[in-house]
2 protein chains.
Amino acid sequence: MTQVFTSRDVARIAGVSQSTVSYVMTGKRPISEETRKRVQTAIEQLTYQPNAGARALASRRTRVIGLVVPFGEVSDPMGLLPFLETITECARAVDYDVLLVTANEGASALTRLGGRSLCDAIVLMDIEARDPRIPVIAALRVPVILIGVPDDADGLSCVDLDFTEAGRLAVGELVAAGHHRIAVIGYPPDVVSRELNYVARFQRGVDAAVTAAGVESHLVQPLERTRSGARAAVAAALEAAGEDCGLVVPNTVAVPHVLRALAAAGRRPGRDVSVVGVCTDAAAESMEPAVTNVSLEPRDVSRRAMRTLFALLDPDVGGPPPSGVELVVPRLTRRETTGGGATP
Amino acid sequence: MTQVFTSRDVARIAGVSQSTVSYVMTGKRPISEETRKRVQTAIEQLTYQPNAGARALASRRTRVIGLVVPFGEVSDPMGLLPFLETITECARAVDYDVLLVTANEGASALTRLGGRSLCDAIVLMDIEARDPRIPVIAALRVPVILIGVPDDADGLSCVDLDFTEAGRLAVGELVAAGHHRIAVIGYPPDVVSRELNYVARFQRGVDAAVTAAGVESHLVQPLERTRSGARAAVAAALEAAGEDCGLVVPNTVAVPHVLRALAAAGRRPGRDVSVVGVCTDAAAESMEPAVTNVSLEPRDVSRRAMRTLFALLDPDVGGPPPSGVELVVPRLTRRETTGGGATP
DNA sequence: TTGAAAGCGATACCAC
DNA sequence: GTGGTATCGCTTTCAA
């Protein structure tokens, strides 16, 4: 139980005023090398650390980022971790901390974070097309960055994967593998009903690429997230698009189920049929066989989001805050489930 | 950009003193129904929320729990989520927030959280046998709860799964399934080298049960976390303990690999061999075939940890803080990978 | 049952 | 370059 010291203790020991200690800590005014050294010594001697509450009160800056996480509401829970990890890393890199809030608090989480001055800025994940939390953002005193894009993004800062491009990439790979008929295993009903608009954006990319390549595509949906659901969806896909079609599976958890269903149907991925999954690289690599995938780039998305958020916090440094929608380009990695053919 | 109001605004509108507003909010002294109502009305009218920093400064309580999470350092990243989710839920249930810190900050995370008064208490996950963070805990001004048990737990509050019992349960199930020869696929080398003492505790339970049942057991290790690693380990296990042995796989990520390796070796889990995994129920159910498992009970462990932590924070309510080591009993669920036999 | 006022521990303005 | 001091918004004694 070490005693806790204040800046006054430091000042006393260093033989300076309390304000000087403050200025040494913040660097907000020039200090002679002489006194800075004395103060530093005192700080180390006492292992002084500034009281966060007092600092927040006086400076009106908490140095905390609020992070609203959709625990349990997201289709692929595993996919959350790289976001959390990258966001906290980015925050700590500039001496910010992260306050973790669950999305099931709804909009009240935002008013609480803002109203109580618990944080300087907010990261909001998993944005629905007409997210009920959007309207309260405008009334907040803190900047908010959305990971995901609502239907009306006016005046909001959003970062997300470019799902349209993801759709194009997936189709491109299948076309390059020689498929003329493509089936998209749609998102499961619970995802669709949540109205996450990346579903439509992805499909738009698929459609564009399909039209451009002059091939044929079928949308099989909805797929329930069960073994039998996967089997039914795969059967429907093979029926609609043919036994030797190319399959797009834009859903991490569905991919292994689809692979199993294909195996059960006697179709060999990468030989008889091709499969492109939309999932993180880690997930794609761990599957059997390893899946050609369009990556979700959670780390890039997170980094971009934090970059923009800090630009919003300090409008002076780093140029003008990139308001609007920022899209991160996805990356296709060919693995075992798509055969040869030209590089897309 | 709504203006932000203070308790003085509330006081002015309600026609009372600022301290009365404070007492209405905290309930720390009796207030007449009359004035309480006036204050409440004013609070709602202004949608007043107390400033967290000011409150922390004056009360010396932040109402924040620091949570140190081992991102990336843990063998099964997926396993982290139920901990995070349950811990934040428990905290919010009593109007606490959670500050997320990564374990890679090491011991300095603790001194920072404590020194800056960023939180009132700390949850430390993924404790190593001789965790370098343990020594600094004693010097902290805030209570700490460990999820996991170090070698020397003197004066510390720890909560963890009862891994010894987990080992017993696993062996019991295999013995009940009629196996006289048992193989344990050991933890992968990186886990072992981290000296997490649950590895030894689990093995102790296995040994005890093996001795008690008068059967034979073999420890196959280390298992690398690759497909070929799994294949080699399974081959070694079948060689050592026989083609019809019972397998214990105390590692979530290894289980699916082992299942595949068994299939490749022409052994059918639940028929030719039995398999008991140590993993969360969610993971066990999602595998093919569904695996008989001893659960890790992350939610129970988290709840116990938070219960104890709050007891540590308010020693008055809820009886004496249960200092020492609390073990949560694991639960075995029979699924498809262990055949019939008597209930263990 | 209520109010006045002294802190809590920083920041940042105003002097010098 | 440095020091004094008002101030941030709340909690909590001390008085009434």
Side-chain angles (χ1 to χ4, degrees), chain A residues 3-40 42-43 46-64 95 97 112 114-120 141, chain B residues 2-40 42-43 46-64 95 112 114-120 141:
Chain A
Q3 201 207 314
V4 61
F5 295 102
T6 73
S7 63
R8 274 192 30 184
D9 299 317
V10 175
R12 210 166 20 73
I13 297 216
V16 299
S17 79
Q18 195 186 9
S19 57
T20 297
V21 174
S22 175
Y23 286 117
V24 166
M25 302 259 353
T26 63
K28 288 195 179 172
R29 94 175 175 191
I31 301 283
S32 75
E33 202 46 42
E34 163 67 10
T35 53
R36 129 168 294 111
K37 206 153 274 172
R38 291 231 305 290
V39 171
Q40 280 296 1
I43 286 177
L46 303 182
T47 64
Y48 163 74
Q49 306 212 215
N51 179 293
R55 175 177 276 199
L57 181 56
S59 68
R60 304 168 151 287
R61 284 285 186 126
T62 61
R63 299 205 76 86
V64 168
D95 199 26
D97 271 294
R112 189 168 58 85
R116 297 192 172 186
S117 295
L118 280 162
C119 61
D120 296 336
R141 301 155 20 281
Chain B
T2 1
Q3 200 207 313
V4 61
F5 295 102
T6 73
S7 63
R8 271 192 30 186
D9 299 316
V10 175
R12 210 166 20 72
I13 296 216
V16 298
S17 80
Q18 193 188 13
S19 57
T20 298
V21 174
S22 176
Y23 286 118
V24 167
M25 302 254 2
T26 62
K28 287 195 179 172
R29 92 176 176 190
I31 300 283
S32 74
E33 201 46 41
E34 164 66 10
T35 54
R36 129 169 293 112
K37 207 152 273 170
R38 290 229 307 290
V39 171
Q40 281 295 2
I43 286 176
L46 303 182
T47 64
Y48 164 73
Q49 305 211 218
N51 179 294
R55 175 176 277 199
L57 180 56
S59 68
R60 302 164 154 290
R61 283 284 185 127
T62 61
R63 299 203 78 84
V64 167
D95 200 27
R112 190 167 58 85
R116 297 193 172 185
S117 295
L118 279 163
C119 61
D120 297 335
R141 301 155 21 280

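Treat the numbers as computed from the prediction; the structure is a model and nothing was measured.
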- Message: For the OG atom of B:S19 and the NZ atom of B:K28, what is their distance to the nearest 0.5 Å?
- Response: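 So the OG of B:S19 and the NZ of B:K28 are separated by 13.5 Å.
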- Separation between CG of A:D97 and CG of B:L118, rounded to the nearest 0.5 Å: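 Separation between the atoms: 5.5 Å.
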Calculate the interatomic distance between [X] atom [atom1] and [N] atom [atom2]; express it in whole Å.
X      : N      : atom1 : atom2 : answer
A:I43  : C:dG9  : CD1   : P     : 16 Å
B:I31  : D:dT12 : CD1   : P     : 14 Å
B:R8   : C:dG3  : CZ    : C1'   : 14 Å
A:L57  : C:dA12 : CG    : P     : 12 Å
A:Y23  : D:dG3  : OH    : P     : 12 Å
B:R116 : C:dT11 : CZ    : C1'   : 15 Å
A:L118 : D:dC10 : CG    : P     : 12 Å
B:R141 : C:dG9  : CZ    : P     : 10 Å

- Using a cut-off of strictly less than 4.0 Å, decide whether B:K28 has a side-chain nitrogen or oxygen near OP1 or OP2 of D:dT12. yes
- Compare side-chain N and O positions of A:T20 against OP1 and OP2 of D:dG3 and report whether any pair is under 4.0 Å apart. yes
- Task: For A:V21, report the nucleic acid contact type (base, sugar-phosphate, nothing); a contact means any heavy atom under 4.0 Å.
- Result: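 Nothing, no heavy atom under 4.0 Å.
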- Charged N-O contact under 4.0 Å between B:D95 and A:R116: yes
Could you check which of [options] has an atom nearest any side-chain atom of [X]?
X     : options               : answer
B:S32 : D:dT12, C:dT2, C:dA10 : C:dT2
B:R60 : D:dT11, C:dT11, C:dG9 : C:dG9
A:S17 : D:dG3, D:dT11, C:dA10 : D:dG3
A:S19 : D:dC8, D:dG1, D:dG3   : D:dG3
A:A54 : C:dG9, D:dC10, D:dT12 : C:dG9
B:R29 : D:dT2, D:dC10, C:dT2  : C:dT2
B:N51 : D:dG9, D:dG3, C:dG9   : D:dG9

- Query: Heavy-atom distance under 4.5 Å between the side chains of A:E33 and A:R36, does that happen here?
  - Reply: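 Result yes, sub-4.5 Å side-chain heavy-atom pair found.
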- Report yes if some heavy atom in the side chain of A:R55 is under 4.5 Å from a heavy atom in the side chain of A:M25; otherwise report no.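 Result yes, sub-4.5 Å side-chain heavy-atom pair found.
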- Check: C:dA10 base within 3.5 Å donor-acceptor of A:Q18 side chain: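 Such a pair exists between side chain and base.
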- Task: Map B:T35 and A:Y48 onto DNA chain C by nearest heavy atom, then report which one ends up closer to the 5' terminus.
- Result: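 Closer to the 5' end of DNA chain C: B:T35.
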